[in-house]
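By convention here, the first residue in the shown sequence is residue 1.
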Amino acid sequence: YMCGGWKKTSSKTKDVLLLLKEGGATLLTSPNAVIKSLKTGAENDQSTLVLLCDGAINSSCSTFPKNLKESIETVLTQKETSQAILIVNASWIFDCISCAKVLGAKHYKPEGTLIK
């Protein structure tokens, strides 16, 4: 899910979308789709949900809709689930490609996000 102020016409957005498509990612396009995926993923424990933030401090990544924020926090606090949720800035995708592996979120914290 690409949250924040991604501009459809920017070259960065186009590059990220192309990389996601070529990498076989399923792009979720709304907070409701993310919530549905969280529920499905929590049941299956086989998916990794990536919230790819644009990095702007005043973007929607810093103000997740309340229902989305609550759903994410619920999944993160469930001890019986192993579903991975990564909340990262856009540099994460480029570094994953450079390293040829999925990296953790530790060094890719988005600016201003309310979910820790």
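Checking each of Thr13, Leu20, Leu18 against Val16 for a side chain to side chain contact (heavy atoms under 4.5 Å, CB included) leaves exactly one that passes, namely Leu20.
In this structure, SG on Cys99 lies 5.0 Å from CG on Leu103, to the nearest 0.5 angstrom. Once rounded to the nearest 0.5 Å, the distance linking CG of Leu49 with OG of Ser37 reads 5.0 Å. To the nearest 0.5 angstrom, Ile93 atom CD1 is 8.0 Å from Met2 atom CE. The distance from the CG atom of Leu27 to the OG1 atom of Thr29 is 7.0 Å, given to the nearest 0.5 Å. For the atom pair CD1 (Ile72) and CG (Leu38), the distance works out to 6.0 Å, reported to the nearest 0.5 Å.
Between Lys14 and Lys8, the shortest heavy-atom distance links the atoms CE-O, 3.8 Å. Nearest heavy-atom pair across Trp6 and Ala90 is CH2-CB, 3.6 Å. Heavy atoms only, all atoms of each residue included: Leu28 and Tyr1 are closest at O-CD1, 3.2 Å. Val102 approaches Trp92 most closely through the heavy-atom pair CG1-CZ2, 3.8 Å. The nearest pair of heavy atoms linking Ile87 to Ala105 is O-CB, 4.1 Å.
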Inset, instruction - Take Val88 and Leu51 through the test side chain to side chain contact (heavy atoms under 4.5 Å, CB included) and record every step on the way to the result. - result: CA-CA 6 Å; Val88 296; Leu51 301 176; over 6 Å; no

Inset, instruction - Let me see the working for Leu86 and Thr48 under side chain to side chain contact (heavy atoms under 4.5 Å, CB included), right down to the final yes or no. - result: CA-CA 7 Å; Leu86 302 176; Thr48 299; 4.2 Å; yes

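A 4.5 Å side-chain heavy-atom check between Asn32 and Asn67 finds at least one atom pair inside the cut-off. When side chains are defined from C-beta on, Val34 does not count as touching Ser30, because their heavy atoms never get closer than 4.5 Å.
Between the side chains of Thr74 and Ser71, no donor-acceptor pair is found at a separation under 3.5 Å.
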